[in-house]
Amino acid sequence: MNTLNRTTYPATTYTEKVVQFGEGNFLRAFTDWQIHQMNKKANFDAGVVIVQPLATGMAERLNEQDGLYTVYLEGIQDGQPSQTHEVIECVTRGINPYEHYESYEALAYQPELRWIISNTTEAGIAFHPTDQLADRPQQSYPGKLTSLLYRRFRHFHGEASKGFIILPCELIDHNGDELKKIVLQYADLWNLEPEFVAWVHQANTFCSSLVDRIVPGNPKQRMPEITAELGYEDSFVVVGEPFHLLVIEGPSWIEQELPFAQAGLHIKVVEDMAPYRTRKVRILNGAHTAMTPVAYLYGLNTVAETVDHPVTGAFVRSLIQDEIVPTLDLPAEELEQFAAAVMERFRNPYVQHFLMSISLNSISKFKTRDLPTLAAYIEQTGKLPQKLVFSLAALIAFYKGDRSGELIALNDDIAVLQQLAELWKVCDNSQQSLHQLVTAVLGESSFWGMDLNHYSGLTEQVTNDLYHIQHQGIVVALQALMDHSATPTS
């Protein structure tokens, strides 16, 4: 059987306009997939040169396939299961700068290059004071980038049109601002001329980004079946979900350089991406965290099982629609569309998203993902959000470490686990004892950054919910909550 490459597959070759730091699954199934769509549907004519950011990587292996690979998109679209696949043709070559530094350095001199994209993990955007301009290459990604920018500045004599649009995709807040700050640190460390610093500011545009697509990666166990379906060998098959969203915080003129609208892509260029980040964190991540202790104690194990179940599914939908969405500051139509897409993503039958994997560090996740919703809901309505409060009670029950006699493999900071274990050890499940437990948990500022007992009625409601969970079981307690929610009030 043939290997996928440009000899066995009639792929288009595009003008190299993008330098990409990172050859991992996410960028290949996300940004490279988007560039491929713009090439095919909007004549973008953008080839991608992938730079391997670490000494060990896959650039050489990717070159064996001439940059070609297959993306499978699997999930729910318009309420129906969907599976599609296509060969991505935009990657022209990979470079390992640790073995072929000259090829990497030569990128600085290619006049058509316009974009720099990266995903070097959250640890990749970091300042390494030992990096030097003469290194071949520097160890850090920002060091490599600064060196590349400086050589381009020198080669083109500071010409403004030869600057880059720089789009980091690492999952840190204000990633573009952080990357630019470190580039300027290196310029200072290396005593580079003021004219270069001015060129960095004036000719280059550092954008922050919000990226959203679940990419499970290479489907190793399914590869025999996939290879038979494709009819060729592909070592770089990558699986992702159909949903995608890229929010770029940058100047509006970027829209003139990216034909994403013609390609039907969900890309937004905005002045402030904070509302979109908040929307994702509170709806997608917040619902994940809030559903986990409820559904796991209920006896379920995956997200798909949870949203497909008549009771837990109704709980999640009500949580999102009635408690999370109303607290967000974006147009109602956008929020409703995003919420509907989130529910489709949760139902994805091709991805087993285990609740226990989401449960890692649940206390800190609840603080960052769900407490802001709780606070906003109370401020706006003067009432407690019943589903979110029930989830908080279930979270405390979850940290008891028992699911109907089965030990729960709790995974959190050791201090958190020890503190909750001590509190549960002295609790006899009476109303008074549970109230003391809840008061202690809600009052632990190292968990929440504040004393949650200050919210009127919260301690009592969490205690009541926890009492019902402990004495009636979560199945009965959750059904009672949902029945009460469905009862109209006069």
Side-chain angles (χ1 to χ4, degrees), residues 22-37 69-86 88 117 119 121-122 168-172 175 209-223 226 236-247 264-268 273 276-292 295 300-308 313 316-317 320 324 337-362 365 368-369:
E23 73 276 40
N25 290 318
F26 180 78
L27 285 185
R28 289 190 293 107
F30 186 69
T31 49
D32 296 336
W33 174 86
Q34 292 176 81
I35 292 167
H36 175 80
Q37 304 308 315
Y69 60 93
T70 311
V71 167
Y72 271 75
L73 299 183
E74 302 177 331
I76 301 289
Q77 282 192 301
D78 301 322
Q80 299 297 320
S82 172
Q83 283 183 295
T84 63
H85 67 268
E86 63 183 319
I88 305 303
I117 296 171
N119 187 11
T121 78
E122 291 88 316
C169 297
E170 289 82 358
L171 297 178
I172 60 173
N175 45 22
S209 72
L210 172 69
V211 298
D212 192 1
R213 168 173 268 175
I214 296 171
V215 178
N218 183 269
K220 294 182 176 64
Q221 294 181 340
R222 292 170 49 202
M223 280 312 298
I226 286 175
F236 286 87
V237 171
V238 59
V239 172
E241 65 172 342
F243 180 91
H244 69 281
L245 173 67
L246 171 61
V247 181
L265 296 173
H266 297 151
I267 298 177
K268 291 180 176 291
M273 72 177 187
Y276 296 93
R277 173 177 169 75
T278 299
R279 179 182 72 174
K280 175 182 180 287
V281 169
R282 294 202 195 172
I283 296 180
L284 176 67
N285 304 119
H288 264 158
T289 296
M291 78 167 71
T292 291
L300 306 174
N301 294 305
T302 69
V303 172
E305 287 176 327
T306 301
V307 296
D308 284 337
V316 174
R317 286 190 294 274
I320 293 174
I324 299 177
Q337 290 175 350
F338 185 79
V342 164
M343 290 303 294
E344 285 197 336
R345 298 168 74 185
F346 286 170
R347 292 179 55 223
N348 191 340
Y350 305 104
V351 175
Q352 279 198 311
H353 201 169
F354 288 100
L355 297 171
M356 283 306 297
S357 68
I358 300 172
S359 75
L360 172 69
N361 298 328
S362 282
K365 285 179 178 176
T368 58
R369 299 173 175 187

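Everything numeric in this text was worked out from a predicted model, so none of it was measured.
To the nearest 0.5 Å, atoms CE (M291) and CG (L300) are separated by 10.5 Å. To the nearest 0.5 Å, atoms OG1 (T121) and CD1 (I172) are separated by 9.5 Å. Rounding to the nearest 0.5 angstrom, the gap separating the OG atom in S209 from the CG atom in N175 is 4.0 Å. To the nearest 0.5 Å, the span separating NZ on K268 from CG on L246 amounts to 11.5 Å. Interatomic distance, CE of M273 versus OG1 of T278, reported as 10.0 Å (0.5 Å rounding). To the nearest 0.5 angstrom, I283 atom CD1 is 14.0 Å from R369 atom CZ.
Looking at every heavy atom in both residues, T292 comes nearest to H288 through OG1-O, 2.7 Å. The shortest non-hydrogen separation linking I88 to V71 is CG1-CG2, 3.6 Å. Counting all heavy atoms, side chain and backbone alike, G75 lies closest to N348 at CA-OD1, 3.3 Å. Closest approach of P219 to I226, counting heavy atoms only: CG-CD1, 3.5 Å. In this structure, C169 and T31 approach most closely via the heavy-atom pair SG-CG2, 4.1 Å.
Using a 4.5 Å heavy-atom cutoff, the side chains of V211 and L171 are in contact. For the pair V238/V215, a side-chain contact is recorded, criterion being any heavy-atom separation below 4.5 Å from C-beta on. In this structure, the side chains of P216 and Y350 stay at 4.5 Å or more apart for every pair of heavy atoms. F338 has its side chain within reach of D212: a pair of non-hydrogen atoms, C-beta onward, lies under 4.5 Å apart. Here the side chains of K365 and L360 are in contact, with some heavy-atom distance below 4.5 Å. The closest side-chain heavy-atom distance from I76 to S82 is not below 4.5 Å.
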Show your reasoning for whether side chain to side chain contact (heavy atoms under 4.5 Å, CB included) applies to L355 and V303. CA-CA 6 Å; L355 297 171; V303 172; 4.2 Å; yes

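The backbone N or O of G79 lies less than 3.5 Å from a partner atom in the side chain of E344, making a donor-acceptor pair. In this structure a side-chain-to-backbone donor-acceptor pair under 3.5 Å is missing from D308 to R347. When atom types are taken as modelled, the side chain of S359 and the backbone of S362 share no donor-acceptor pair closer than 3.5 angstrom. With hydrogens and angles disregarded, a donor-acceptor distance shorter than 3.5 Å links the side chain of R213 to the backbone of F243.
Figure legend: cation-pi geometry between R28 and Y69, with NZ or CZ positioned under 6.0 Å from the six-membered ring centre and within 45° of its axis.
H353 and F346 have their aromatic ring centers separated by at least 6.0 angstrom.
Listed by first and then second residue, the salt bridge (charged side-chain N to carboxylate O under 4.0 Å, His left out) pairs involving residues 238-247 are E241-R345 (not counting sequence neighbours).
Using a 30° and 60° split on the angle between ring planes, H244 and W33 fall in the perpendicular class, above 60°.
With sequence neighbours excluded, no residue forms a side-chain hydrogen bond (donor to acceptor under 3.5 Å, both in side chains) with N218. In this structure, R279 has no side-chain hydrogen bond (donor to acceptor under 3.5 Å, both in side chains) partners at least two apart in sequence or on a different chain.
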